[in-house]
Amino acid sequence: MTPELIALTRPVSASIAECELTHLSRAPIDVVRAAAQHSAYEAALRLLRVSVIQVGAAPELPDAVFIEDTAIVLDEVAVITRPGADIRRRETDAVAEVLSEYRTVLALDAPATLDGGDVLTMGRTIYVGRSGRTNDEAIARVGAMLGPYGYRVVAVDFAGCLHLKSAVTAVAYDVVLLNPAWVRASAFPGYEIIHVDPSEPHAANGLRVAGAVVFPEHFPLTRTRLEGRGLHVVTVPCDELAKAEGAVTCCCLLFSV
Ligand code: GLY
């Protein structure tokens, strides 16, 4: 039987304009427009036959929509993170409760800090970016937790953006899309590399799902590169969410059951 794909999502919070920002200047965010874009994203996932399950809204937590940062979900187990931004640690309990219906749930604790946006899983290798949100204690701890399940954890340095997956994502099992100004291609030996269009530095974040790549519609030049490689691209509007330093992987936790 084909496994069912589940995407956990979380509604856009009314307080999203108060979100954490690290590399972007604050710009006004239209909450209604951001919520409409999030709904379009969920609709795109449903069209790809993904079951979308919403975790309860957290209106007082500005970044709750970026649910990816709260967990690492693998086939065998899930790890609840300890996000690097203090206020974001309050996002994890509700996600852990829902995830525990599907996976054995482990958890990181202090002094480890880790955002799921810094975690790129490709096969049995888990690349973890060292960032302002993710520290070496977390990388070591994740390695110790997931080694027994057959995963190898590799630390990756990057610069210039919030998360590792702002700089690089997997767009096929053997292909990565990256911005070479933010992360070295040599960190991903053996993978085919597609560079973002230089005029679209934020375009390295695509969500690989069900044979397609869900991708921001505001990066048409990089989209052309993906399609030129033969990849099936499904575009979604997300420029309003991008003002909160979010992108397409950030808005769900994707796993199969
Ligand atoms: N605004 C997304 C984050 O900083 O985590």
Side-chain angles (χ1 to χ4, degrees), residues 7-38 41-42 54-55 57-73 79-96 108 110 112-120 127-135 138-139 142 156 158-169 179 182-183 201-207 214 216 218-219 236-254:
L8 294 190
T9 64
R10 203 163 192 188
V12 172
S13 298
S15 58
I16 189 171
E18 314 305 320
C19 66
E20 298 292 306
L21 289 175
T22 59
H23 289 79
L24 292 185
S25 302
R26 198 166 295 279
I29 297 177
D30 180 333
V31 180
V32 173
R33 188 163 183 267
Q37 293 188 344
H38 189 249
Y41 171 84
E42 292 177 324
Q54 277 201 346
V55 175
E60 73 292 2
L61 298 177
D63 286 298
V65 65
F66 304 126
I67 191 171
E68 170 182 67
D69 292 316
T70 61
I72 305 167
V73 188
V79 179
I80 297 297
T81 67
R82 182 168 180 267
D86 282 358
I87 188 171
R88 299 208 60 193
R89 291 179 198 151
R90 292 160 55 196
E91 298 173 23
T92 57
D93 284 353
V95 177
L108 285 176
T113 66
L114 181 141
D115 281 8
D118 281 323
V119 178
L120 174 60
Y127 295 94
V128 184
R130 279 194 190 95
S131 73
R133 300 284 178 86
T134 296
N135 61 22
I139 296 172
V142 167
V156 180
F158 69 98
C161 55
L162 173 57
H163 288 135
L164 178 65
K165 279 190 284 196
S166 317
V168 56
T169 53
N179 177 344
W182 291 346
V183 68
H202 293 276
N205 189 273
L207 176 67
V214 175
H218 56 286
F219 297 130
V236 290
C238 62
D239 56 335
E240 206 63 39
L241 290 163
K243 293 178 189 171
E245 228 165 348
V248 289
T249 65
C250 322
C251 291
C252 76
L253 285 167
L254 189 66

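Numbering starts at 1 and runs along the sequence shown. Below, each value reflects all heavy atoms present in this structure, side chains not excepted, and no hydrogens, waters or symmetry copies. For ligands, and for the atoms within them, numbers begin at 1 and follow the listed sequence.
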salt_bridge(Asp69, Arg88) N-O dist < 4.0 Å:
yes
Output the set of protein residues with a heavy-atom contact under 4.0 Å to ligand 1, ordered first by chain identifier and then by residue number.
Glu20, Asp63, Phe66, Arg88, Arg133, Leu162, Ala244
Side chain Ser13, main chain Ser15, donor-acceptor under 3.5 Å:
no
Just to verify, what does Asp30 make a side-chain hydrogen bond (donor to acceptor under 3.5 Å, both in side chains) with, not counting sequence neighbours?
none
Heavy-atom pair of closest approach, residues Thr113 and Ala138:
O-CB, 3.1 Å
Taking the six-membered ring for Trp, are the ring centroids of His202 and Trp182 within less than 6.0 Å of each other?
yes
Polar contact flag, side-chain donor to acceptor under 3.5 angstrom, Glu91-Thr70:
no
